[in-house]
Asker: 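Got a structure for you, written out below as C-alpha cells; questions coming shortly.
Whatever order the structure lists them in is the order used to number ligands and atoms, beginning at 1. Just so you know, these numbers use all the heavy atoms, side chains as well, and skip hydrogens, waters and symmetry mates. The shown structure was predicted, so the numbers you read here are calculated from the model rather than taken from an experiment.
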Amino acid sequence: MKTNSILHIGFDDTDSRMGMCTTFLAYKIVEYLKKEGVKFLDYPYLIRFNPNIPWKTRGNGAVALKVKTDKPEQIKKNIVQFIKKYSEIRDGANPGVVFYQNEKIPLHFNEFGRQALCSLINRNKVKKFVSKNGLDSFYLGNGQGLVGAVGAIGYEFDDYTYELISYRKESNFGKKREIFKDSVKKMQDLTYPNTFNSFDEDKNRILIAPHGPDPVFFGIRGEDIDSVIRGKALVRSPEKFDGYMIFKTNQGTGAHLKSELDVHNLKPFSSGYVTGRVSSVPKVAIGGHVIFSMTKDDQQVRCAVYRPTGLTKIASKLIKGDLIKIGGGIRKATKIHQRILNVEFLQVLRLEKNLKAFNPICDVCQKRTKSKGKNQNFECVKCKKAFPSKIFEEIPREIECKLYLPGLSAHRHLTRPMQRIGRLNNKVEFDWSKKWFHVHKSGNIRNQKPEIKISA
Ligand SMILES: [Zn+2]
C-alpha cells in the first residue's frame, strides 16, 4: 500500500544574466507535477531574500513548493533532472534543490529562513544544515543555491502578496517585448491598490516587464489571486504568451527591514533598520549621492542615500538632532570607505528646530550690533548700547515628519510600497479551485517533446 507523503521542495539560484530564471523553472516543474497528479497544498512560494548580499542573482529569489504525493522518490529524482537541464551553470548560476518530507516545518528551518532574509549565510553553513537534518539535496556549482532552497522551505510569512508571472513562448525568448503602455496604465487605474508597482506615472514607465532575455513576459503584483488575474487580463500585447503561474510571495512586505540592526556590530551585507539622531550635516558627494551620519547609543552610523532612490533631496535637508529611522543594508568597508548603511527608506520621527543665531539689533537705532569677542556683550555700532546675547530665529523646515520611500522605479522586490503600509495579508487559505496555474493550449510547450527523461 502506498502512503501519501507531504513533500516540501525548495530551489534557488538557477538563473543567470543570460536568460534562465528560477520562477520559469518552477513553472516547468509545476507543469510536470500536475501531470504526475500530485496534490498541491499551497501556492508556489517565491521568496526574495536579502537584497544586500554580494553574489545575488538578479532578484535573489527562491521558490518552494508544498505537495502531497505517493511517489516522493520518483518526484525528487525527476526534479533534479529539471534543475540540471534548466540551470545555466556556465553563466555563474549555483543551483541548489532541497527536499523535506514532513508535514510540519521545524522551528530551526524558520530561523534559517529569517537569517537568509536579513544576513549573509555562507554555503558551508547551509551544507552543514542539510547534512545535519538528513535532507535530500542536489546542487551544482558551489552550492550557494542551497541557502535559498532551505530558506524558502523554512520561510514563515507574517505578510504576503501575490505575483502572477506570465511566460513567453520559447520562440520569443530574447526578442523585444511589446506591451501596450496604455493598457498597463489603465490596468493600474482599474485595479489599484489591489495591484501594485505596475506603472510609474512620474517616469511614464511600465514596471511589469523585465528587459533581459529571460522567459518572463510580465508580472502582476497584487494583494489577492483575483486581482492579479484581472490585472493580467487587462494587459494588452500583440505577443501571445505561453502560460502563467501565480506565486505567493514576500514581495512588497519590507520583511528584510523589520529587525533592528545592532549598531555596535554592523555586519557587512546585513539588512534592517536603525533609529537615531542625525549627527553630521548631510553632504552631497560625487554623483549626487548624499552622505551623512546618525548616532545611536553613542555609536555613529554612516548613511548613504544614492541618487537613483530619488531621496537625496529629502536627505540633504536633514539637520543635526533630527530623530530618524533608516532602513537599508550594510555595505562592506573598502580601503577608502568605512562601513556604510545604504538607505532604502527614510522616516522622519521628530524634526529639530532649525535655529539661526543673529547678533541682536539695537532697539534705539535699529542697527545691527557687533560682538566684542568670545563670551562678551554685543554692542551697537552707533550708540554703543550693550546687549547680552545673540538672538535666534527659527528657519522653517522643508521636510516633514513622515515616511519617505524611493521612487517606484527604484523599488526593490521587497520594498513595501506606500499603500501597503499597515496592511497585512496572513489569513487567506490556499484555494485549489483558483486558476493559479495555466498553460495556453496553443502554447508550444504542450507540443514540445520533453527532453528530460522522466523516470517512472
Ligand atoms: Zn544704538
Side-chain angles (χ1 to χ4, degrees), residues 202 260-261 263-264 266 273-328 330-331 333 336-407 410 418 421:
D202 294 338
E260 186 155 16
L261 289 163
V263 290
H264 299 285
L266 289 175
Y273 73 87
V274 178
T275 304
R277 287 191 189 278
V278 176
S279 53
S280 81
V281 180
K283 285 201 175 96
V284 181
I286 300 164
H289 315 306
V290 169
I291 314 285
F292 63 94
S293 296
M294 67 193 286
T295 301
K296 151 119 199 195
D297 300 338
D298 294 326
Q299 195 70 38
Q300 204 175 62
V301 181
R302 294 237 309 153
C303 303
V305 181
Y306 290 104
R307 214 168 77 134
T309 61
L311 290 174
T312 49
K313 230 184 198 160
I314 299 300
S316 67
K317 289 180 173 143
L318 292 167
I319 61 168
K320 275 190 197 176
D322 284 342
L323 185 65
I324 55 171
K325 180 177 174 181
I326 297 279
I330 302 296
R331 198 184 69 188
I336 344 166
H337 298 287
Q338 62 190 105
R339 221 162 263 188
I340 204 161
L341 177 62
N342 284 350
V343 175
E344 290 176 48
F345 75 72
L346 161 59
Q347 186 171 10
V348 180
L349 301 171
R350 198 154 59 233
L351 286 168
E352 189 76 353
K353 276 184 182 166
N354 193 9
L355 297 174
K356 205 174 165 192
F358 294 99
N359 291 359
I361 289 169
C362 174
D363 55 350
V364 184
C365 335
Q366 305 305 317
K367 294 271 181 199
R368 199 49 83 194
T369 56
K370 260 194 166 165
S371 167
K372 295 295 283 174
K374 213 179 169 195
N375 300 324
Q376 289 195 47
N377 283 343
F378 293 86
E379 196 183 79
C380 174
V381 289
K382 201 173 170 195
C383 72
K384 307 288 181 203
K385 181 174 173 183
F387 297 85
S389 58
K390 286 206 173 202
I391 52 159
F392 290 91
E393 227 174 80
E394 193 178 336
I395 313 286
R397 298 297 306 270
E398 290 168 274
I399 49 177
E400 297 167 59
C401 278
K402 66 172 209 183
L403 173 68
Y404 292 96
L405 289 181
M418 205 53 99
I421 302 299

Asker: Just to be careful: counting only protein atoms that are N, O or S, how many fall under 2.8 Å of the Zn ion (ligand 1)?
Answerer: 4
Asker: Report yes if some heavy atom in the side chain of I361 is under 4.5 Å from a heavy atom in the side chain of R368; otherwise report no.
Answerer: yes
Asker: Does P406 offer a backbone N or O that forms a donor-acceptor pair with the side chain of T309 under 3.5 Å?
Answerer: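 No, the answer is negative, given that no donor and acceptor are paired below the 3.5 Å cut-off.
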Asker: Identify, with sequence neighbours excluded, every residue that meets salt bridge (charged side-chain N to carboxylate O under 4.0 Å, His left out) alongside R397.
Answerer: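 D322.
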Asker: What heavy-atom pair brings C401 and L351 nearest, and what distance separates the two atoms?
Answerer: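 Between these two residues, the closest heavy atoms are SG-N, 3.9 Å.
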Asker: With rounding to the nearest 0.5 Å, note down the distance linking OG1 in T275 to CG in L323.
Answerer: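 The OG1 atom of T275 sits 7.0 Å away from the CG atom of L323.
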Asker: Evaluate the side-chain proximity of K390 to N359: yes if any heavy-atom separation is below 4.5 Å, no if none is.
Answerer: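 Counting from C-beta outward, N359 and K390 do come under 4.5 Å.
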